[in-house]
Asker: 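The structure follows.
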Amino acid sequence: MELFSAINPSPDLHFLSLRSLTDCHNLAPPNLLLRHCPRPLKPLARYRLLYLRASSTSGVPDLPATVPEQAGGKLVVELIGAFNELTDRMNLNSTSSSVILFVTLKLSIPILQSFPLLPDGRSPLSKALSVALILADLQMDAEVISAGILREVMEAGGISIQEVKNQIGISTAHLLHESLRVKQIPSRVDIFDDDSSAALRRFCLTYYDIRALILELALKLDSMRHLQFLPRYQQQMLSLEVLKIHAPLAFAVGANFLSLQLEDLSFRYLFPCSYFYVDSWLRSHESGSKSLIETYKDKLEQSLKNDPILTEMVEDISVKGRYKSRSSTMKKLLKDGRKLEEVNDILGLRVILKPRSGTDSSEMGERACYQAGEIIKSQWREIPHRTKDYIARPKPNGYKSLHMAVDVSEESKTKPLMEIQIRTTEMDKLAAGGTASHSLYKGGLTDPEEAKRLKAKMLAAAELAALRLKDFPSSNYKGIHTDQRGRVFGLLDKNGDGRISIEELVDVMEDLGVDAAGEDAREMMQLLDSNSDGSLSSDEFDFFQKQVEFIRSLENRDDQYKAILNDKLQNDDDSGLIQVYSEELGNRLAT
C-alpha cells in the first residue's frame, strides 16, 4: 500500500497512469503490484498494471533507471518521439522531407508546450501532433504535415507566416496561407442548403490548393473528435457545417477515410438517436474483441489461400474489409424503406488477385476471379439476385469486377448481409483511376468534363509537390541514414562523423529554446553515454530511441483507455433515452 501511495498520492486510483507506474518499475515487478494493490482497484488502473505485466515478459526493452529530468532532455525526448511516430506512418523518400519535418518540430514543440491547455482539455502540442498523424496516415508530404503542426502554433500567436517562410520554406508558408483562406469557406454562405453548399464546394475545388483543402479537412476531423466540451447547440451547428460542406468536399478530393469519419461524427451529433439505433444494432452482432469484418476477412483470406486451384492461377491474394458508415446505412434505410437486415452492403470485402505473369495473364485473372467466387459460394449462402458480373459485362467506363452478396448468418444468429467484390490488380487500378473523377462528380461537380479537367489539375499538383521534395543539397545535415531510427541520428550528427557530440546536443537544445542548454546536454550525455567516451554512438542512441518509443506507447495506451471509458460512459448515460427512441424508430421503419 505504501508503494502505491508513493507513486500515486491521489486516493483516486482511477487516474493511476502507466507513466507513473514506470517510476516504480525497479522497485516492484507488475505481478507484485497486481497482487498487493489496494482494493477495489478501478478498471483503468488495473488494465495498466496488466499491460505492464505483459510488457515485462514480451521482449520490450528495459525501462531506463532514470530519464532526463532537465527541460532540455525532456524536449529532446519529445522531439525524437514525435519525429519517429510521424515518420513511421509516412513514406519518406528524401532528405529534404526529413529536414523539413525535423526543423518544424524543433521550432514548434517548445512554443506549443508553453501555451495553456485548450478548452477540450488537451495541450496545444497534443492537438498539433494529432492533426499531423491524420495527415501522415493519408500519406501527405512533409510540407503539408509541417503546415498542420505550424497551424496550431500560428493560431496561438506563436509564429507568423513570414517567420515560417524564413525558417521553414516558402512552400510551407504558402500552404499555411491557403489553409487560412480555406478556413473562411463557411462564412461565404448564410444558409447551408444543398445549392449553396454545392456551389461552395465547386468554388473550393477550382480555386484552392488541393493540399490546403486536405489540411483543413484533417483539422476539421480532429475538431469533430473533440466536441464533448461544447454546448449542444454549438455541436449541432458545427456538425451541420461539416455534413454539408466538409464531408462531401473530402469525398470530392478522394479522401474517403476523412469523408466517412466526418459524415459519421456529424450524424452522431445531429441525429444521436438514429446513430445509436444503427450503431447498437451493429454492435449486437459483435462477438469477443474482434470485429465482424475482421473475422470474415481472415476467414475468407485463409479459404482462398488454401485453395490449390486458385493458388496455381495467382501470385498474391489480398482481402480488404470495411463497414458501411452509420450515416450511409441510415440513408439507405430511409430511402428504400428497408430493414437493417435487408441492407446488403453493411459489411464489405474486396478480394484483389494478382495473376501469374504470362502471355494470357488477363484471361488467367478473369478465371481466377470466377474461381474465388466459387470458393465464396461454398463458404456462405449467395443471394443470386444481388450478384453483378461486371467482368463479362463491363460498365461503359471500362470498370470490371465481380460483385456478390452473401448471407453470413449462423444457425442461431442472424448477421448483416455482406457484399464482396472480386477483381484483379489490373481491374483495381482501372477502378482507382476512375475514382477521382467519380468522387469529384459526387462531391459537387455535376459536369463530368469539368470533373475530368480538375482531376488532371490535381494529378499535376501532386507531381509538382513530389518533384519539389526531391533531394536538394543541404549543408547543415550530412550523411542522413535511410533506416527509421537512423534518420534522427543523422539529423543530430551534423558533421557526419558517425557520433553525436556534446556540442551537437547543445546545438539541438538551443534550437529548442533551452536556456541552460550546456548543463542539460551534459546531464543527458551522462545518462546515455554507456561507455563514457564523451559522445553517443549509433547503438547508444538507438537504445535510447527504443526507450522513448516504449514510454510513448504507454502514454498512447492511456489515451486509448480514456477514450474507451469515455465512450462507454457516454453510451451508458444515453442508453435510457436512446433505447426508447430506438424502439420507436425501429417500429416506424418496420411499418
Asker: One thing to verify: whether D141 and R211 come together as a salt bridge, which I'm taking to mean a side-chain N less than 4.0 angstrom from a carboxylate O.
Answerer: yes
Asker: Of all residues at least two apart in sequence or in a different chain, which pass the salt bridge (Lys or Arg N to Asp or Glu O under 4.0 Å) check with E178?
Answerer: R181
Asker: Could you list the residues that satisfy side-chain hydrogen bond (donor to acceptor under 3.5 Å, both in side chains) with E301, not counting sequence neighbours?
Answerer: K305
Asker: With sequence neighbours excluded, tell me which residues meet side chain to side chain contact (heavy atoms under 4.5 Å, CB included) with E155.
Answerer: R151, L180, K183
Asker: For residues 245-265, which residue pairs qualify under salt bridge (charged side-chain N to carboxylate O under 4.0 Å, His left out), counting only residues two or more places apart or in two chains?
Answerer: E263-K331
Asker: Considering residues, nucleotides and ligands other than K320, do more than 12 of their heavy atoms fall under 6.0 Å from its NZ?
Answerer: no
Asker: Report yes or no: does Q235 contribute a side-chain atom to a donor-acceptor pair with the main-chain N or O of L230 at less than 3.5 Å?
Answerer: yes
Asker: Tell me every residue that passes side chain to side chain contact (heavy atoms under 4.5 Å, CB included) with A156, counting only those two or more places apart in sequence or in another chain.
Answerer: F115
Asker: Not counting sequence neighbours, which residues clear side-chain hydrogen bond (donor to acceptor under 3.5 Å, both in side chains) with S114? List them please.
Answerer: none
Asker: Applying side-chain hydrogen bond (donor to acceptor under 3.5 Å, both in side chains), can you list everything that pairs with D137, at least two apart in sequence or on another chain?
Answerer: R89
Asker: The test is side chain to side chain contact (heavy atoms under 4.5 Å, CB included); show your working for S327 and L243 and say whether it passes.
Answerer: CA-CA 10 Å; S327 56; L243 187 67; 5.9 Å; no
Asker: So, do L258 and I134 sit near enough that their side-chain heavy atoms are less than 4.5 Å apart?
Answerer: yes
Asker: Tell me, please, which residues at least two apart from T387 pass side-chain hydrogen bond (donor to acceptor under 3.5 Å, both in side chains).
Answerer: E382
Asker: With rounding to the nearest 0.5 Å, note down the distance linking CG in L138 to CG in L217.
Answerer: 9.5 Å
Asker: Can you name the side chain to side chain contact (heavy atoms under 4.5 Å, CB included) partners of S123, sequence neighbours left out?
Answerer: L117, L125, S126
Asker: Please test K127 against H226 for side chain to side chain contact (heavy atoms under 4.5 Å, CB included), starting from the C-alpha separation and ending with a verdict.
Answerer: CA-CA 10 Å; K127 178 181 178 180; H226 299 89; over 6 Å; no
Asker: Does E241 pair with K220 as a salt bridge, N-O distance under 4.0 Å?
Answerer: yes
Asker: Might you work through the side chain to side chain contact (heavy atoms under 4.5 Å, CB included) test for I161 and L150, ending with a clear yes or no?
Answerer: CA-CA 9 Å; I161 289 183; L150 290 165; over 6 Å; no
Asker: Just so I know, are the side chains of H246 and M224 near enough to count as touching, which here means a heavy-atom distance under 4.5 Å?
Answerer: no
Asker: According to the salt bridge (charged side-chain N to carboxylate O under 4.0 Å, His left out) rule, which pairs have a member within residues 221-233, sequence neighbours left out?
Answerer: R122-D222
Asker: Just to verify, what does H403 make a ring pair (Phe, Tyr, Trp, His ring centres under 6.0 Å) with, not counting sequence neighbours?
Answerer: Y390, Y399
Asker: Look only at the side chain of S401 and the backbone of I422, and say whether a donor-acceptor pair between them is shorter than 3.5 Å.
Answerer: yes
Asker: Which residues satisfy the side chain to side chain contact (heavy atoms under 4.5 Å, CB included) test with A132, sequence neighbours excluded?
Answerer: L86, I145, I149
Asker: Ignoring hydrogens, what is the shortest heavy-atom contact between P110 and L75? Give both atom names and the distance.
Answerer: CA-CD2, 4.4 Å
Asker: If you compare all heavy atoms of L112 against all heavy atoms of A128, which two are closest, and at what distance to 0.1 Å?
Answerer: CD1-CB, 3.7 Å
